[in-house]
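First up is the structure itself, then whatever we jot down about it.
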Amino acid sequence: MSKYQENRLFIHNTLNRKKELFTPLTPPHVGIYVCGPTVYGDPHLGHARPAVTFDLLYRYLKHLGYKVRYVRNITDVGHLESDADEGEDKILKKARLEQLEPMEVVQHYSNRYHEAMAALNVLPPSIEPRASGHIIEQQVMAQQIIENGYAYESNGSVYFDVLKYNEQHRYGKLSGRVLEDMLSDARQLGRQDEKRNSVDFALWKRAEPSHIMRWASKWGEGFPGWHLECSAMSKKYLGEKFDIHGGGMDLLFPHHECEIAQSVAATGSDAARYWMHNNMVTINGQKMGKSLGNFITLEELFTGSHSLLEKSYSPMTIRFFMLQAHYGSTIDFSNEALGAAEKGLIRLMGALKALEKLEPEDTTGSFDVDAFERNGYKAMNDDLGSPVLIAHLFDAAKYINTTLSGNDMISAAQLEKLKSLFGVFIFDILGLQEFEDKDTADLTEKLVDLLLDIRLEVKKKKDFELSDRIRSELASFGIIVKDKKDGFEWELKK
RNA sequence: GGUCGCGUGGCCGAGUGGCUAGGCAGAGGUCUGCAAAACCUUGUACGGCGGUUCGAAUCCGCCCGUGACCUCCA
């Protein structure tokens, strides 16, 4: 019996705003599509949230024994800067500013993103498709939508006919919006002459002569619209109907609403069965934004090089901090909160190490390991309740420490099971890693220097027994000490 | 203005109609040459006002505060 048959996983489905029992379309296979980054800048805190959230989902589903295909795209074309002006592509704009080929920008920031995700121990997805690599698929889908009567060509661009679509389907079923309200609330937009209605959105956009990211199409040279890539690529790799679609809450409207409309218009299927949305990140209670001056990249966080940061925070601290909040809640970053998370993580990892030192006895200790197991899974089954799972881990940590200090005991069976569960929960599911301090190398240097300084003092006192012992023990670790007239040098032997 | 969400002890953050969440910080103690760690003990918590109920922080209404989306955004 697979684990997924024993565990009833409930996930919050944005489609009806309720927690629903997760049942895959074709078990044991699970298909997930998550909206990835638009690669035009360094990865920041906002990128980490969905990445960690859906990494947790991915890890848990795999742990339960599902065979998961996890598709997370890279958007390297198609996000318009603004609908009101020239509609300049973000990546194109960045390329202009930095005098680069657009694909250079894309490659550079894709690499940066991957580095940051690896540091956060976010597993790479099964497939990471790029929008620019799926122009044909997007054109085909746009054409299908035209043929089905839900899109029209206008002056070299193709627009989705939202009003027409809404006659037979409900545009707004995901975000809870009502088309009439949107129409009455419509703002005066530029280029509206091309669109039949203000709410229509582009499937294909004509490229102005200055636009260097362009592809040939039957409608002329242009580039794909904002939302089409995800519909086209999810269909290609997961099929017309798949299990879970994820992304940030900010994408709920219009992005995901448009995806549903496109999929229905093209194939008749509304694509995903479960829609999951992670909530946003705030900094000191404020939305993170470039204009607010509180925009923190992951590298700045890891190195502490931002004026708002009192110190650096390791990738694992960031990951742990995010997991201590439920993915559906906003999470506020502050030095105080991060510092608390860091200490908590150290405590947890300390208990993990303490586990190795415990000596089992014949008597069973007070901790109910079976209940710990049940409660851990129960927490995860309840819409990925990582904060509750972590709370249970802290309870276990307390028991481990109490036992180590001689105030409780543990049987061999308990110990074995606890070790196994700690491994499963901490490493497999939460995806935490041993605390790898980025300063470890620096620390080693300082430590050896300190030890050799002390050895110098010892030598002055002619305690050669101790000084020789320091040298030979260091040598046993591969550190070769070379005495100089007035000091020392040392090196690490390969 | 419209839509949706949130408001929990010094800080972060779960939860839920009646039973200790947890972490960090604080206080007292044990241990200790000192310190740290660990362990033990400790906190009038649930925005305000009404209502439903035997009982609400948990359900309903109103108000206040706050945030997200409505334009690109993770």
Side-chain angles (χ1 to χ4, degrees), chain A residues 14 17 34-38 40-41 43-54 72 75 78-85 87-90 93 113 172 175-178 180-187 189-190 198-199 201 226 246-257 277-282 285-291 295 320-326 328-348 350-351 354 375 379 382 385-408:
Chain A
T14 309
R17 322 259 162 176
V34 172
C35 292
T38 304
Y40 70 106
H44 53 76
L45 263 178
H47 292 107
R49 189 90 198 266
V52 169
T53 297
F54 293 104
R72 187 186 65 204
T75 296
H79 270 266
L80 301 171
E81 186 68 18
S82 161
D83 196 37
D85 57 27
E88 193 169 27
D89 194 291
K90 274 186 175 170
K93 186 177 179 184
Y113 179 75
S175 58
R177 313 221 169 197
V178 179
E180 286 71 34
D181 295 347
M182 291 161 60
L183 285 168
S184 63
D185 194 38
R187 301 177 190 188
L189 300 170
S198 58
V199 291
F201 56 90
W226 329 354
M249 227 169 234
D250 51 329
L251 297 177
L252 221 160
F253 189 90
H255 186 59
H256 290 158
E257 197 68 64
H277 290 94
N278 63 274
N279 215 320
M280 313 301 279
V281 169
T282 56
Q286 260 196 320
K287 179 188 172 165
M288 187 175 76
K290 279 176 179 162
S291 56
F295 192 87
F320 185 70
F321 180 59
M322 288 192 165
L323 292 171
Q324 266 192 304
H326 190 261
S329 309
T330 53
I331 190 169
D332 187 49
F333 273 68
S334 62
N335 283 292
E336 205 174 0
L338 284 169
E342 182 175 56
K343 289 192 177 174
L345 180 59
I346 289 169
R347 180 175 162 82
L348 199 56
N375 291 332
D382 184 11
S386 54
V388 176
L389 172 59
I390 289 170
H392 292 314
L393 284 166
F394 276 118
D395 288 340
K398 183 164 213 154
Y399 166 68
I400 291 165
N401 286 330
T402 305
T403 305
L404 192 66
S405 65
N407 295 318
D408 207 329

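Predicted model, so just to flag it, every value in this text is computed and none were measured. Reminder, nothing fancy here: chain letters follow the sequence lines and each chain counts from 1.
Ring planes of Tyr113(A) and His47(A): perpendicular class, angle over 60° (limits at 30 and 60°).
Note: Phe320(A) CZ to Leu338(A) CG = 12.0 Å, rounded to the nearest 0.5 Å. Between atom CG of residue Leu348(A) and atom CD1 of residue Ile390(A) there is a gap of 7.5 Å, rounded to the nearest 0.5 Å. A distance of 6.5 Å separates OG1 of Thr75(A) from NE2 of His255(A), quoted to the nearest 0.5 Å.
Using a 4.5 Å heavy-atom threshold, the side chains of Arg347(A) and Leu393(A) count as separate. Counting heavy atoms from C-beta on, the side chains of Cys35(A) and His256(A) come closer than 4.5 Å.
At least one side-chain nitrogen or oxygen of Thr38(A) sits closer than 4.0 Å to the OP1 or OP2 atom of A74(B). OP1 and OP2 of G23(B) both lie 4.0 Å or more from every side-chain N or O belonging to Lys343(A).
A14(B) and C6(B) are spaced 12 Å apart, taking the P atom of each and rounding to whole Å. C59(B) and G43(B) have their P atoms separated by 27 Å, with the value rounded to a whole Å. With C1' as the reference atom, G15(B) and U8(B) are 10 Å apart, rounded to whole Å. One P atom belongs to G26(B), the other to C60(B), and the distance between them is 40 Å to the nearest Å. Using atom C1' as the reference point in both U52(B) and C62(B), the two lie 15 Å apart (nearest Å). Rounded to a whole angstrom, the distance from the C1' atom of U66(B) to that of A25(B) is 25 Å. Rounded to whole Å, the P atom of A56(B) lies 28 Å from the corresponding atom of G65(B). Between G67(B) and G55(B), the two P atoms lie 37 Å apart (nearest whole Å).
Across C40(B), A14(B), C24(B), the shortest atom-to-atom separation from the side chain of Arg347(A) is found for C24(B). Nearest nucleotide to the Ala337(A) side chain, out of C12(B), C39(B), A14(B): C12(B). The listed nucleotides are C40(B), A74(B), C24(B); the one nearest the side chain of Val281(A) is A74(B). Among C24(B), A14(B), A74(B), the nucleotide with an atom closest to any side-chain atom of Ser329(A) is A14(B). In the set A74(B), A14(B), C39(B), the nucleotide with an atom closest to the side chain of Asp250(A) is A74(B). Nearest nucleotide to the Asn407(A) side chain, out of C39(B), C70(B), A74(B): C39(B). Listed nucleotides C24(B), A74(B), G22(B) differ in distance to His47(A); the shortest reach to its side chain belongs to A74(B). Here the side chain of Leu251(A) is nearest to one of C40(B), G23(B), A74(B), namely A74(B). For Ala325(A), taking side-chain heavy atoms from C-beta onward, the closest of the listed nucleotides C24(B), A74(B), A14(B) is A14(B). The side chain of Gln324(A) has G22(B) as its nearest neighbour among C11(B), G22(B), C39(B).
When rounded to the nearest whole Å, the span between CZ of Phe394(A) and P of G15(B) equals 17 Å. As a whole-Å value, the separation of Met249(A) CE from G5(B) P is 10 Å. Remark: C1' of C39(B) and CG of Asp395(A) are 15 Å apart, rounded to the nearest angstrom. If you measure from atom CG of Asn335(A) to atom C1' of G23(B), you get 17 Å, rounded to the nearest angstrom. In this structure, the CD1 atom of Ile390(A) is 13 Å from the P atom of G15(B), given to the nearest Å. Atom CG in Leu345(A) sits about 15 Å away from atom C1' in C12(B), given to the nearest Å. Put simply, CG on Asn279(A) is 10 Å from P on C69(B), counting in whole angstrom units. Rounded to whole angstrom, the span from the NZ atom of Lys398(A) across to the P atom of A21(B) amounts to 13 Å.
Pairing for C62(B) is with G48(B), a Watson-Crick or G-U wobble pair whose two hydrogen-bonding atom distances lie under 3.5 Å. A21(B) is unpaired under the criterion used here, namely a Watson-Crick or G-U wobble arrangement in which both key atom distances are under 3.5 Å. Nucleotide G43(B): unpaired (no Watson-Crick or G-U wobble partner with both distances less than 3.5 Å).
Between Phe253(A) and Met280(A), it is Phe253(A) whose nearest contact on RNA chain B lies nearer the 5' terminus. Positionally, the nearest nucleotide of RNA chain B for Gly344(A) lies more toward the 5' end than for the other of Leu404(A) and Gly344(A).
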side-chain contact (heavy atoms from CB on, under 4.5 Å) assessment of Met249(A) paired with Leu252(A): CA-CA 5 Å; Met249(A) 227 169 234; Leu252(A) 221 160; 4.3 Å; yes
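Among the atoms of the strands shown, base atoms are found under 4.0 Å from some heavy atom of Gly46(A). Note on His326(A): only backbone sugar-phosphate atoms sit closer than 4.0 angstrom, heavy atoms only; bases stay farther off.
Of all heavy-atom pairs spanning Gly328(A) and Asn279(A), the tightest one is O-ND2, 2.8 Å.
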